[in-house]
Structures are given as C-alpha cells and as structure tokens.
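Encoded as structure tokens, the structure appears first; notes follow it.
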Amino acid sequence: MYTVEQFEKAIDALDAGVQKREVKLLPRGVVREFVGYVSNVRHVWTASGECMKGRERVPELDLKFE
C-alpha cells in the first residue's frame, strides 16, 4: 500500500485545492484513510486511493500513484 508522502504527492497532483486534514495509519506507516476538504466539503480517500464524499463515490478525485 501507500505512505503518507505518496498520498500527499498524489493529492497535490489533483490540483483541486484539497486542504489536507487527517491521516489514519496502519502499522508500518501505511495509510488506511486520508481526510481532506475540497470547497469546504469533507472528502475521504481510502487506502487504495478511491475518493468518497459521504457515501458517494467521487471517481474524478481518485488518486493516481506513480
């Protein structure tokens, strides 16, 4: 899975003005969940980089890891 640094880089690459707020980690520093705000609306990225707004998927904000 991915590290905090990889998530931050992928979120910055979205160029969507995401305000990064919280990271929930698994053992060994692997991201379980990343929380940020886009236009003051809470978005959550899963460990695989899929974006959710509430219970709604937001595929246009899914992360692409290199």
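Worth knowing before you read on, the calculation uses all heavy atoms, side chains too, and leaves out hydrogens, waters and symmetry mates. Just so you know, residue 1 is the first one in the sequence shown, and it goes up from there.
- In the hydrophobic clustering of this structure, Val4 groups with Leu61; members are Ile, Leu, Val, Met, Phe, Trp, Tyr whose side-chain heavy atoms approach within less than 4.5 Å, directly or through other members.
- A 4.5 Å side-chain heavy-atom check between Val23 and Val35 finds every atom pair outside the cut-off.
- Shown here are the side-chain contact (heavy atoms from CB on, under 4.5 Å) partners of Ala47, two or more places apart in sequence or in another chain: Met1.
- Sorted by first then second residue, the salt bridge (Lys or Arg N to Asp or Glu O under 4.0 Å) pairs that include residues 49-60, not counting sequence neighbours, are Arg57-Asp62.
- Minimum heavy-atom separation, Thr3 to Val31: C-CG2, 3.7 Å.
- Nearest heavy atoms, Val38 versus Ala16: CG1-O, 3.8 Å.
- Residues in residues 27-46 take part in these ring pair (Phe, Tyr, Trp, His ring centres under 6.0 Å) pairs, two or more places apart or across chains: Phe7-Phe34.
- Sorted by first and then second residue, the side-chain hydrogen bond (donor to acceptor under 3.5 Å, both in side chains) pairs involving residues 19-36 (not counting sequence neighbours) are Asp12-Lys20, Gln19-Arg21, Lys24-Glu33.
- Grouping the Ile, Leu, Val, Met, Phe, Trp and Tyr side chains by contacts below 4.5 angstrom, directly or via other members, places Ile11 apart from Val44.
- With sequence neighbours excluded, no residue satisfies side-chain hydrogen bond (donor to acceptor under 3.5 Å, both in side chains) with Glu8.
- The OH atom of Tyr2 sits 10.0 Å away from the OG1 atom of Thr46 when rounded to the nearest 0.5 Å.
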Exercise. Going through the checks in order, is the side chain to side chain contact (heavy atoms under 4.5 Å, CB included) test met by Leu25 and Val30?
Worked result: CA-CA 6 Å; Leu25 299 174; Val30 175; over 6 Å; no
